[in-house]
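One structure is given here, and the rest of the page talks about it.
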Amino acid sequence: MTKKAQELKVLLSSPKKIVITTHKGPDGDAIGSSLGLLHLLKQLGHKVQIITPNEYAEFLHWLPGNSDVITYDGNEVKANKITNEAELIFLLDFSHLSRISTYADTIKNSNATKIMIDHHQDPDMDIADIIFSDISSCSTAQMVFEVMEAMNMTKYLNKAIAECLYVGIMTDTGSFKYASTSAKTHNVIAELINTGIENDKIHDLIYDNSSATRIQLLGYCLNEKLRLYPENNSAIISLTEDELKKFKFKKGDTEGFVNYALSIKGIKFAIFIAEKDGIVKLSLRSKGGFKVNKIANKYFSGGGHMNASGGVSEYSVNETIIKVEKILNKYKSELNKSK
Ligand code: 5GP
Ligand code: MN
């Protein structure tokens, strides 16, 4: 870390044009780490633009600096121009260019020095010049804090940085409950809270600020769309585009639904399937040693972490359910192991 941090510190010692990007369908960690870094870099005198591949959930829009973000989708000409002029590009919370979809070619062809900060498995070491990769880390937001520490820059920590990094760490740790939540995580959180941020307000804005239709959609999922496979310790929840429409679906509304299936006693593998904009997406979650990233990678062109992954299906929602059921049977013995 130290040598790379030194290299980065040198790069940041004179004002630069900088782009920060993150993965498609940005989540709390993607946006929190990007905005946290933006607030640091701006204090250092850099010109910074965050470009996300596409839009993200409204519950993240209150974050400081949100209005500085542009999406690649719909702003291609402007985004390409800014990216081509950038001297440094930060790649946050992803480790393969396929994760930034149509923006990938522009990033690949840019001559900027690229810096990856990420906690996903098997990073592609060819896509960046300086790589901070820690697959044991709970979040990219925590890694951004650690890179700041390694560069001796915690003196720049302020409320804006702290709020953004807090959201990244909180959302990627399931509010500090996943195994990846370490003593270090709590130490970092303590330093963030010491800036004076209101942690209760942040939890409220992220988790307790839903539309009524979102909560009704959750009720519908749990009452009518939950399929249990006790013989395989698994559960599936699925939604078609029509069902989402009925509940006035907005981006982010189904975030966290998969965890309700996983919270049922005995369930070790939970699958959430939803059709959005004609694409059938899967969220896979597990408890214990069952590696859902292997399933996501092998069957659904996806990936992620051992206990939290995602991917896409080329089939309809109903066909995807059948495919998943076959997978559950195939992995029956693994799913019935005690750990
Ligand atoms: P979610 O289920 O919340 O969409 O995603 C959970 C995790 O799975 C994400 O943090 C990300 O690491 C990974 N993930 C989700 N979708 C994809 C995908 O399409 N491809 C890959 N490689 N990883 C994904
Ligand atoms: Mn993350």
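Atoms within each ligand, like the ligands themselves, are counted from 1 in listed order. Because the structure is a prediction, the values reported are computed rather than measured.
Looking at ligand 1, you won't find any N or O of Val312 less than 3.5 Å from one of its N or O atoms. The N/O atoms of Gly310, backbone and side chain alike, include one that comes under 3.5 Å of an N/O atom in ligand 1. Some N or O of Lys281 is nearer than 3.5 Å to an N or O of ligand 1, by distance alone. Residue contacts with ligand 1: Ser283 is placed with a nitrogen or oxygen under 3.5 Å of a nitrogen or oxygen of the ligand (distance criterion only).
Within the 3.5 Å criterion, the main-chain N or O of Leu40 finds no donor-acceptor partner in the side chain of Gln43. Between the side chain of Asn297 and the backbone N or O of Asn293, no donor-acceptor pair lies under 3.5 Å. Thr22 contributes a side-chain N or O that, together with a main-chain N or O of Leu92, makes up a donor-acceptor pair within less than 3.5 Å. In terms of modelled atom types and a separation under 3.5 Å, the side chain of Ser234 and the main chain of Asn232 share a donor-acceptor contact.
At a threshold of 4.0 Å, the pair Glu241-Lys245 does not count as salt-bridged, since none of the basic side-chain nitrogens sits closer than that to a carboxylate oxygen. Salt bridge status for Arg214 with Glu255: absent, with no side-chain N to carboxylate O gap under 4.0 Å. A salt bridge is absent between Glu334 and Lys294; no separation between the charged side-chain nitrogens and carboxylate oxygens falls under 4.0 Å.
At a cut-off of 3.5 Å, with distance as the only test, no side-chain donor of Asn66 or His61 sits close to an acceptor on the other residue.
Cation-pi geometry between Lys323 and Phe300 is met: the NZ or CZ atom falls under 6.0 Å from the ring centre, inside 45° of the normal.
Remark: Lys248 engages no residue in a salt bridge (Lys or Arg N to Asp or Glu O under 4.0 Å) (not counting sequence neighbours).
Using 4.0 Å as the threshold, His96 has no heavy atom nearer than that to any atom of ligand 1.
Of the options Glu255, Gln121, Arg99, His120, the smallest heavy-atom separation from atom 17 (C) of ligand 1 is shown by Arg99.
Looking at atom 6 (C) of ligand 1, its nearest protein heavy atom turns out to be Arg285 NH1, 3.6 Å. Looking from atom 7 (C) of ligand 1 to the surrounding protein, the closest heavy atom is Ala308 O, 3.6 Å. For atom 23 (N) of ligand 1, the closest non-hydrogen atom on the protein side is Gly303 O, 3.1 Å. For atom 20 (N) of ligand 1, the nearest protein heavy atom (residue, atom name, distance) is Gly302 CA, 3.5 Å.
The CD1 atom of Ile115 sits 8.5 Å away from the CD1 atom of Ile89 when rounded to the nearest 0.5 Å.
At a heavy-atom cutoff of 4.0 Å, ligand 1 is contacted by no atom of His23, backbone or side chain.
Around the Mn ion (ligand 2), the protein atoms of type N, O or S found under 2.8 Å away are Asp29 OD2, Asp93 OD1, His119 NE2, Asp172 OD2, listed by chain and number.
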